[in-house]
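By convention in this document, chain letters (A, B, ...) are assigned in the order of the sequence lines, proteins followed by strands, and residues within each chain are numbered from 1.
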Number of protein chains: 2
Amino acid sequence: MLKGHLDAIVLAALETGPAHGYAIIETIKQRSAGTFDLPEGTVYPALHRLEQAGLLSSAWTTPPNGRRRRVYSLTKAGSSALGERRKAWGRFSQAVDTVLGGGRAWPA
Amino acid sequence: MLKGHLDAIVLAALETGPAHGYAIIETIKQRSAGTFDLPEGTVYPALHRLEQAGLLSSAWTTPPNGRRRRVYSLTKAGSSALGERRKAWGRFSQAVDTVLGGGRAWPA
DNA sequence: CCGTATACCTAGTTATGCTAGGTATGGAAG
DNA sequence: CTTCCATACCTAGCATAACTAGGTATACGG
């Protein structure tokens with residue numbers, strides 16, 4: 001479970017440029033060193049949600065010698081949403097660190 | 001939303017000693033500097049779940065000049081579960097940091 | 001030509017946290 | 001003394017999120 005941070009992760013995967021769903025899954029898997037091996041049933045609905053919310057835009061591409069692909073790009077709203085999500089993640093993870101540590105640092 | 005990390009947080013709040021539900025809520029609020037101000041409808045069911053799972057044990061106390069309180073303690077299983085949750089959190093937050101950073105560090 | 005990897009999709013299940021209520025008591029304020 | 005607030009517990013039902021488990025179709029290698 002990605003526990004509500006999936007959106008941020010997907011948006012971050014698109015920050016370096018447009019990509020299609022399957023590639024996004026690969027990017028996330030590689031960047032997380034295999035920790036986040038997301039099933040398609042998780043990612044595709046998320047992409048649709050994010051597009052619905054105006055954070056992504058999509059276009060079909062049909063390269064001459066390739067399969068049809070739906071390529072997603074960050075919209076301006078998506079970029080700024082990513083910024084907010086990052087901040088929210090920072091606050092959240094900081095707070096969890098503190099609470100889990102009982103107020104003091106704990107070894108990783 | 002605490003996104004699946006509520007159990008770890010509650011367990012951690014009980015690590016320093018037994019406490020009752022209301023006090024647990026206060027502890028979490030203080031430790032997180034107000035970030036996690038959990039509604040009772042979140043915490044009480046969680047406590048019941050954790051007891052059901054054998055990670056907590058509870059007993060009613062009725063102090064001479066106080067209200068009735070249900071005091072929860074970490075069981076041995078609860079302690080070890082907390083250890084695992086901490087490790088899981090470490091891995092998870094590390095992975096999210098990496099993915100959100102696009103492979104590089106990003107400023108807090 | 002057949003299997004595997006690529007590439008997309010969705011209906012339905014499950015879990016989880018929260019909303020919104022309810023009950024009851026102790027202590028402070030008026 | 002009575003009224004109100006903080007303490008203290010509880011649950012039913014809602015919303016959402018991610019996942020399971022299916023389905024479709026095409027390119028490419030053996």
Where DNA chain D forms stems, i.e. three or more consecutive Watson-Crick or G-U pairs with both distances under 3.5 Å: C:1-30 with D:1-30

Between D/dC10 and B/Tyr44, is there an OP1 or OP2 to side-chain N/O distance shorter than 4.0 Å? no

Could you go over nucleotides 12-17 of chain D and give all protein N or O partners under 3.5 Å, atom names and distances?
{"unit_1": "D/dA17", "atom_1": "OP2", "unit_2": "A/Arg49", "atom_2": "NH1", "d": "3.4"}

Rounding to a whole Å, what distance do you find between B/Arg68:CZ and C/dG26:P? 11 Å

Atom-pair distance (CD on B/Gln52; C1' on D/dC10), nearest Å: 15 Å

Side chain to side chain, B/Leu82 and B/Asp7, heavy atoms closer than 4.5 Å: no

Are any protein N/O atoms closer than 3.5 Å to N/O atoms in nucleotides 2-7 of chain D? If there are, list each pair with its distance.
{"unit_1": "D/dT7", "atom_1": "O2", "unit_2": "B/Arg67", "atom_2": "NE", "d": "3.1"}

Looking at B/Arg31 and A/Val99, would you say the former's side chain and the latter's main chain have a donor-acceptor pair under 3.5 Å? yes

Report yes or no: does A/Ser32 contribute a side-chain atom to a donor-acceptor pair with the main-chain N or O of B/Ala95 at less than 3.5 Å? no

Would you please classify the geometry between the A/Trp89 ring and the B/Phe92 ring as parallel, tilted or perpendicular, with 30° and 60° separating the classes? perpendicular

Between B/Leu2 and B/Leu38 the two heavy atoms that sit nearest each other are CD1-CD2, 3.1 Å

Looking at A/Arg86 and A/Glu15, does any basic side-chain N land under 4.0 Å from a carboxylate oxygen? yes

